[in-house]
Amino acid sequence: MHLVQEWSTELRYKPYHEWPTDYLEELKKTMNDSTWRLAYHIQPTTGLLNDPNGFSYFNGKWHIFYQAYPLGPVHGVKSWYHLTSINLIDWQDEGLALLPGGMYDSHGVYSGSALAVDDHLFLAYTGNVRDQNWQRHSFQLGAWLDNKNQIQKLPEPLIVKPPNGYTQEIRDPQIFIFNQQYYLIIGAQNKQEEGKILTYKSSDLTHWQCLGELTFSNDLLGFMVECPNLIFIDNQAVLLFCPQGLDQEVLPYQNIYPNTYVVADGFDGETNTLSNPSPLKNLDEGFDVYATQAFNTPDGRALAISWMGLPEVAYPTDEEGWAHCLSLVKELKLEGGKLFQRPVNEMKTLRLDRHSVHGTLGSVQKIYSPKENRYELQLDFDASTQGTLTLFADEDTNTGLTLSFDTQNGTMTMNRENAGTPFATEFGTVRTFEIPQKDLSLQIFVDHSVVEVFINQGEKVASARVFPKKDQTTILLEGTTGVFSGEYWTLRPMK
């Protein structure tokens with residue numbers, strides 16, 4: 001049986017139960033044979049994964065849902081797929097959870113969030129409906145998940161239509177509590193096709209008052225804002241969001257759409273304003289991070305997880321019938337007014353054998369040549385050094401994904417031009433960004449077709465999907481002056 005390569009609208013919106021079971025089995029077989037499948041990142045069981053949804057803590061477990069289309073690597077009729085964990089590392093498959101088919105979500109269960117309320121988890125999400133003329137209608141919906149992971153949708157929408165002056169491009173509600181009130185912030189587009197964030201307030205999760213546009217920037221935010229998240233760290237507010245069509249003069253970026261953030265002194269719920277907000281900043285300096293979802297946890301942390309993929313971009317795994325993954329779970333901190341992102345401490349439990357590395361920078365040298373691309377690498381460099389670290393390297397050609405660093409001039413470049421199967425080249429194969437002119441620390445996680453680089457304890461992060469050949473596993477290092485030291489661990493797969 002051949003996998004579908006040409007996807008019509010009719011196929012994309014064909015109900016799941018109408019697909020033959022042997023097609024799904026063929027899809028699973030093809031995917032399991034892929035050399036690019038991941039060991040310790042969340043990935044789709046079959047088909048497509050995109051936005052993380054409903055990241056939360058409830059009933060003694062961490063919960064994550066993701067946007068799923070299980071029949072192929074395309075954006076068809078969406079569901080929420082459910083995973084749970086006791087340690088943020090090993091994720092239990094709970095299967096498809098929030099399914100389309102109701103009056104208000106007949107053409108897809110779109111992104112949203114979750115909040116533990118008493119002995120249930122409240123899910124807020126966008127329902128997608130297409131009318132007979134294929135025009136979109138968006139509804140902001142609610143559902144309850146109980147302690148047995150059973151879901152009951154609310155019969156009526158939380159928000160039945162956009163406010164006056166806004167289009168049907170309104171989605172991705174994030175729910176949170178502030179000053180003992182429930183709030184929703186939602187990505188939206190006004191009639192002038194400008195991206196906005198709308199805020200709603202409720203005291204009972206049923207009746208929602210529109211407070212209007214969240215005030216935090218005088219810049220135009222492109223034609224649409226997706227995936228807004230407002231969290232609080234040390235009494236400051238951090239707003240994460242994805243502006244589509246953002247002017248390069250507002251924020252330089254190269255990906256089709258950026259994932260951005262601002263840091264503010266606080267949030268005023270009465271005036272719907274972020275006080276003293278920073279300029280827009282890139283959340284990730286690499287290639288493939290979007291739709292980050294974050295929340296404040298009961299243990300006092302602010303945690304985030306991202307979709308490692310981008311809208312409207314084709315990936316090499318599409319031909320194998322699957323697409324995308326989620327990032328590591330990251331803890332967000334504010335230090336000196338800067339946002340830091342670090343892999344959660346629980347990641348250390350994945351470490352297996354440990355190796356030390358050290359030496360003097362010079363001509364190309366092999367740091368390690370693992371059997372497979374599944375490891376954590378930590379390297380430290382002196383100030384005033386220049387060099388290039390090559391991951392996924394081919395020993396014959398010394399080519400792969402390169403991280404070139406220059407602490408004298410304060411720059412770093414990630415280049416995936418020669419890192420395997422090329423893709424998304426129309427958006428460039430190089431990302432260059434600033435780093436401090438001081439000692440350099442790199443913490444790098446590699447997982448077959450993913451690399452996540454945490455620079456100077458997470459002051460900057462650069463992430464990428466990479467699709468190397470099977471034998472591209474070597475780690476190389478070269479440079480001009482100075483010494484380096486570090487450690488390398490093989491990481492176990494997710495249980």
- Message: Tell me if the aromatic rings of F216 and F241 count as close, with their centers under 6.0 Å from one another.
- Response: yes

[X] versus [Y], closest heavy-atom pair with distance:
{"X": "L123", "Y": "A114", "result": "CD2-CB, 3.7 Å"}
{"X": "P173", "Y": "Q140", "result": "CD-OE1, 3.5 Å"}
{"X": "A264", "Y": "Q236", "result": "O-CB, 3.3 Å"}
{"X": "Y66", "Y": "N50", "result": "CB-O, 4.3 Å"}
{"X": "L99", "Y": "S79", "result": "CD2-OG, 3.5 Å"}
{"X": "L211", "Y": "G269", "result": "CD1-O, 3.8 Å"}

More than 12 foreign heavy atoms under 6.0 Å from [atom1] of [X]: is that the case here?
{"X": "N235", "atom1": "CG", "answer": "no"}
{"X": "E18", "atom1": "CD", "answer": "yes"}
{"X": "I86", "atom1": "CD1", "answer": "no"}
{"X": "Q152", "atom1": "CD", "answer": "no"}
{"X": "Q192", "atom1": "CD", "answer": "yes"}
{"X": "K14", "atom1": "NZ", "answer": "yes"}
{"X": "E10", "atom1": "CD", "answer": "no"}
{"X": "N218", "atom1": "CG", "answer": "no"}

- Message: Please evaluate residues D93 and Y81 with respect to the criterion side chain to side chain donor-acceptor pair (under 3.5 Å), reporting the C-alpha separation (whole Å), side-chain torsions for both, the decisive distance (0.1 Å), and the verdict.
- Response: CA-CA 9 Å; D93 187 333; Y81 204 95; 2.8 Å; yes

Exercise: do [X] and [Y] side chains pair donor with acceptor under 3.5 Å:
{"X": "Q209", "Y": "S202", "value": "no"}
{"X": "Q293", "Y": "N53", "value": "no"}
{"X": "N190", "Y": "E194", "value": "yes"}
{"X": "N255", "Y": "R431", "value": "yes"}
{"X": "K330", "Y": "S306", "value": "yes"}
{"X": "D447", "Y": "Y40", "value": "no"}

Please check if the side chain of [X] supplies one atom and the backbone of [Y] the other of a donor-acceptor pair under 3.5 Å.
{"X": "N59", "Y": "N147", "value": "yes"}
{"X": "D268", "Y": "E270", "value": "yes"}
{"X": "T199", "Y": "I185", "value": "no"}
{"X": "S56", "Y": "G54", "value": "yes"}
{"X": "D33", "Y": "T30", "value": "no"}
{"X": "T273", "Y": "T271", "value": "yes"}
{"X": "N272", "Y": "G212", "value": "yes"}
{"X": "D105", "Y": "G108", "value": "no"}
{"X": "N259", "Y": "C242", "value": "no"}
{"X": "Q67", "Y": "V109", "value": "yes"}

Are [X] and [Y] close enough for a salt bridge, meaning some N to O gap below 4.0 Å?
{"X": "E169", "Y": "R136", "answer": "yes"}
{"X": "K148", "Y": "D146", "answer": "no"}
{"X": "D288", "Y": "R416", "answer": "yes"}

- Task: Determine, stepwise, if the pair Y182 / F122 fulfils ring-ring contact (aromatic ring centres under 6.0 Å, His included).
- Result: CA-CA 11 Å; Y182 298 108; F122 186 76; 7.7 Å; no

- Quickly, which of Y200, F267, F232, W208 forms a ring-ring contact (aromatic ring centres under 6.0 Å, His included) with Y183? Name it, please. F267

- Task: Could you tell me which residues satisfy salt bridge (charged side-chain N to carboxylate O under 4.0 Å, His left out) with E156, sequence neighbours excluded, listed by chain and number?
- Result: none

- Message: Which residue in the set V4, L71, V74 passes side-chain contact (heavy atoms from CB on, under 4.5 Å) when paired with L11?
- Response: V4

- Query: Does the pair Y13 and W134 meet the rule for a ring-ring contact (aromatic ring centres under 6.0 Å, His included), with working shown?
  - Reply: CA-CA 12 Å; Y13 286 86; W134 207 245; 5.1 Å; yes

- Query: Under the side chain to side chain contact (heavy atoms under 4.5 Å, CB included) criterion, do M31 and L27 qualify, and how do the steps go?
  - Reply: CA-CA 6 Å; M31 292 172 59; L27 195 58; 4.2 Å; yes

